[in-house]
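Take a look at the structure set out below.
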Amino acid sequence: MIRAYMIDPVTLRILSGRDEWQEPAWNSLPVMAKVEWGSRLVRNARGEQVTAAAVVYLHPSVSQITHEDRVMIDGIEHSIIRIERKEDFSFSHIEVFIQ
């Protein structure tokens with residue numbers, strides 16, 4: 001059901017490791033998502049309150065995403081503030097809050 005709302009193309013930049021100079025190495029994964037723009041006050045992984053610029057709804061098949069990864073929307077890279085895995089009777093979707 002959630003796939004019907006996934007109309008926005010985004011690219012997930014998954015951190016695959018670091019090179020010899022400790023620079024990040026990325027793998028790009030293009031996916032379809034639902035992006036809802038709007039400011040929201042959320043807590044990040046350290047417990048601080050920050051303002052999120054948008055919420056990106058992802059299909060549950062993208063379960064490997066972490067806070068170190070990035071989300072590219074329209075060529076602009078956004079950092080991940082919070083990741084929530086939503087469940088009802090089954091694992092339905094992932095909500096990613098971005099800056």
In terms of hydrophobic clusters joined by side-chain contacts under 4.5 Å, are L41 and V56 together?
no
Do other residues, nucleotides or ligands put more than 12 heavy atoms under 6.0 Å from the CD atom of E84?
yes
Applying the 4.5 Å side-chain criterion to the ILVMFWY set and letting contacts propagate, would V31 and I94 be lumped into a single cluster?
yes
Any side-chain heavy atom of T51 sitting closer than 4.5 Å to one from F97?
no
ILVMFWY clustering at 4.5 Å (side-chain atoms), partners of I76
none
Rounded to the nearest 0.5 Å, what's the gap from CE on M32 to OH on Y5? Could you check?
15.0 Å
Say you draw a straight line from CG of L58 to CD1 of I83; how long is it, rounded to the nearest 0.5 Å?
9.0 Å
CZ (R70) and CG (L15) are apart, to the nearest 0.5 Å, by 8.5 Å
S79 side chain to Q99 backbone, donor-acceptor under 3.5 Å
no
Can you name the nearest heavy-atom pair linking S92 to P60, along with the distance?
O-CD, 3.4 Å
Please report the shortest heavy-atom distance between A52 and I81, naming the atom on each side.
CA-CD1, 3.7 Å
Side-chain heavy atoms nearer than 4.5 Å, only ILVMFWY residues, links allowed to pass through others: does that put I14 and V96 together?
yes
Determine whether more than 12 heavy atoms belonging to other residues, nucleotides or ligands lie under 6.0 Å from atom CG of D19.
yes
Compare all side-chain heavy atoms of R43 with those of E48 and state whether any distance is below 4.5 angstrom.
no
Given 3.5 Å as the limit, does a donor-acceptor pair link the side chain of D8 with the main chain of V35, or not?
yes
Run the side chain to side chain donor-acceptor pair (under 3.5 Å) test against S28 and tell me which residues pass, sequence neighbours left out.
none
If you count the non-hydrogen atoms of other residues, nucleotides and ligands that lie under 6.0 Å from CZ in R18, is the total more than 12?
yes
State the CD1-CZ distance between I98 and R82, to the nearest 0.5 angstrom.
15.5 Å
Work out which heavy atom in W26 is nearest to a heavy atom in D69; give both atom names and the distance.
CZ3-CA, 4.1 Å
With rounding to the nearest 0.5 angstrom, report the OH to NE2 distance, Y57 to H93.
6.0 Å
When rounded to the nearest 0.5 angstrom, what distance separates CD1 in I65 from CZ in R13?
12.5 Å
